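Computed from a predicted model, the values in this text were never measured in an experiment. These numbers come from the heavy atoms of this one structure, side chains and all, not from hydrogens, waters or symmetry mates.
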Amino acid sequence: MKQKRDLLDIRDLNETEIYRIFEKAKLFKYERKKGIIHQDVLNKKCIGLLFRKPSSRTRVSFEVAIIELGGSPVFLDASKLQISRGETIQDTAKTLNLYLGGLVIRTYEQSEVETFAQYIDSPVINALTDFSHPCQILADFFTIWEKKKNLKDVVITYIGDANNVCNTLIFGADILGVRINVSCPAKYTVSKKIIESMKNPSLLKISEDPYAFISESDVIYTDTWVSMGDESEKQVREEIFRPYQVNEKLVKNAPPDFLFMHCLPAHRGQEVTDEIIDGKNSVVWQQAENRLHVQKAILYLLYNS
Ligand code: CP
Ligand code: NVA
């Protein structure tokens, strides 16, 4: 019997598969603009979307991707399921397995998506955990690839909280051989576990100085200072991260054609100013659009290979 495949962590993919996703996403993007869609990819499968956290981009782009590939999305608000009243993950997973042909999950613990994957016989996809956000980062590397062509020549600088987005950028860079810098306060720096698990740790440089890597940055990426689940630390985080705001002054010595990236939602006036996110270097809307095309390519890979 063919083994099912999950996407729980970007490291579930190798470099060749990531480029296969990029090529397929490029084709899906082109074909969608021509009105061509592929209903045979999911062939009437019902795919659950179980969300324990809010979402605008991930949920809608997955629902549209599933519909355009011939499947039916089934949105599952976790607060309305029996897991919210104490039913175990295992029993929930075994139940969903009886009805669904796949599951997309957004939750807190990475171990929860792993448990779902263990009890579900069809593909399980991580739609964000506290640890990782693989679909986002695949769309981001695809966006950089579209803009800059050769990823091996690119230097990415992530500024701010070393969170799920930052972890996954580091792992993605490690797989693809891309140089990555992180500027972040010591209290919220990249964990030792992340660095130790890199295949090529020399790709990563870390500094507490938000200006340290600006002049060598082809991409400047930031994300919220207060991720979903971190709300109790809001005040202290907003204080500590203030020097890491991406604004005109910070990017003054960046290469003129640097790309500004943000996974969104943005907190304008906090991690980024209006001038930067709405400015000529910003590619945030291309990133958001590419979520759709890349997730279609991910579904294609998981269901058709
Ligand atoms: N970037 C991202 O995952 O956005 P949503 O939280 O809106 O899904
Ligand atoms: N780091 C953010 C990403 C949101 C898409 C969070 O986890 O809330």
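Among residue pairs with one or both ends in residues 166-183, none qualify as salt bridge (charged side-chain N to carboxylate O under 4.0 Å, His left out); sequence neighbours excluded. The salt bridge (charged side-chain N to carboxylate O under 4.0 Å, His left out) pairs that include a residue from residues 129-139 are Lys53-Asp130, where partners are two or more places apart or lie in different chains.
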### Message
What verdict does the side chain to side chain contact (heavy atoms under 4.5 Å, CB included) test give for Ser122 and Lys45, after you've listed the backbone C-alpha separation in whole Å, the side-chain angles of each residue and the deciding distance to 0.1 Å?
### Response
CA-CA 10 Å; Ser122 47; Lys45 287 188 177 64; over 6 Å; no
### Task
Would you please test Ser207 and Asp209 for side chain to side chain donor-acceptor pair (under 3.5 Å) and show each step?
CA-CA 5 Å; Ser207 172; Asp209 178 1; 5.1 Å; no
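Alongside Met228, the hydrophobic cluster contains Leu128 (criterion: ILVMFWY side chains under 4.5 Å).
Put simply, the side chain of Ile214 does not reach to within 4.5 Å of the side chain of Phe258, judged on heavy atoms.
Evaluated for a side-chain contact (heavy atoms from CB on, under 4.5 Å) with Phe260, the options Val272, Val283, Asp278 yield exactly one hit, Val272. Paired with Cys135 under the rule side-chain contact (heavy atoms from CB on, under 4.5 Å), one option of Val294, Thr58, Leu7 passes, and it is Leu7.
Salt-bridge formation is not detected for the pair Glu31/Lys296: no Lys NZ or Arg NE/NH1/NH2 atom is positioned less than 4.0 Å from an Asp or Glu carboxylate oxygen. With salt bridges taken as basic N to acidic carboxylate O contacts below 4.0 Å, one links Glu17 and Arg5.
Ring geometry, Trp145 versus Phe142: the interplanar angle falls from 30° to 60°, so the pair is classed tilted. Note on ring orientation: taking the six-membered ring where Trp is involved, the planes of Phe28 and Tyr300 are perpendicular (angle over 60°, cut-offs 30° and 60°).
Among residues two or more places apart in sequence or in another chain, the side chain to side chain donor-acceptor pair (under 3.5 Å) test is passed with Glu271 by His262, His267.
A side-chain donor-acceptor contact under 3.5 Å links Asn97 to the backbone of Asp121. The main-chain N or O of Thr129 is found under 3.5 Å from a side-chain atom of Asn164 such that the two form a donor-acceptor pair.
Scanning all heavy atoms of the two residues, the minimum distance from Val124 to Asp6 falls at N-OD1, 2.9 Å.
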Show every donor-acceptor pair shorter than 3.5 Å between a side-chain atom in residues 148-161 and any protein atom, with sequence neighbours excluded, or say none if there are none.
{"unit_1": "Lys148", "atom_1": "NZ", "unit_2": "Asp257", "atom_2": "O", "d": "2.9"}
{"unit_1": "Lys149", "atom_1": "NZ", "unit_2": "Glu146", "atom_2": "O", "d": "2.9"}
{"unit_1": "Asn150", "atom_1": "OD1", "unit_2": "Lys152", "atom_2": "N", "d": "3.1"}
{"unit_1": "Lys152", "atom_1": "NZ", "unit_2": "Glu15", "atom_2": "OE2", "d": "2.8"}
{"unit_1": "Lys152", "atom_1": "NZ", "unit_2": "Leu176", "atom_2": "O", "d": "2.7"}
{"unit_1": "Thr157", "atom_1": "OG1", "unit_2": "Asn181", "atom_2": "ND2", "d": "3.1"}
{"unit_1": "Thr157", "atom_1": "OG1", "unit_2": "Ser217", "atom_2": "OG", "d": "2.6"}
{"unit_1": "Tyr158", "atom_1": "OH", "unit_2": "Asp161", "atom_2": "O", "d": "2.7"}
{"unit_1": "Tyr158", "atom_1": "OH", "unit_2": "Asn163", "atom_2": "OD1", "d": "3.3"}
{"unit_1": "Asp161", "atom_1": "OD2", "unit_2": "Arg237", "atom_2": "NH1", "d": "2.9"}

Identify each donor-acceptor pair in which a side-chain atom of residues 89-96 lies under 3.5 Å from a protein atom, sequence neighbours left out, and give them as a table.
{"unit_1": "Asp91", "atom_1": "OD2", "unit_2": "Thr88", "atom_2": "OG1", "d": "3.4"}
{"unit_1": "Thr92", "atom_1": "OG1", "unit_2": "Thr88", "atom_2": "O", "d": "2.8"}
{"unit_1": "Thr95", "atom_1": "OG1", "unit_2": "Asp91", "atom_2": "O", "d": "2.7"}

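By the 6.0 Å and 45° rule, Arg52 does not stack over the aromatic ring of Tyr108.
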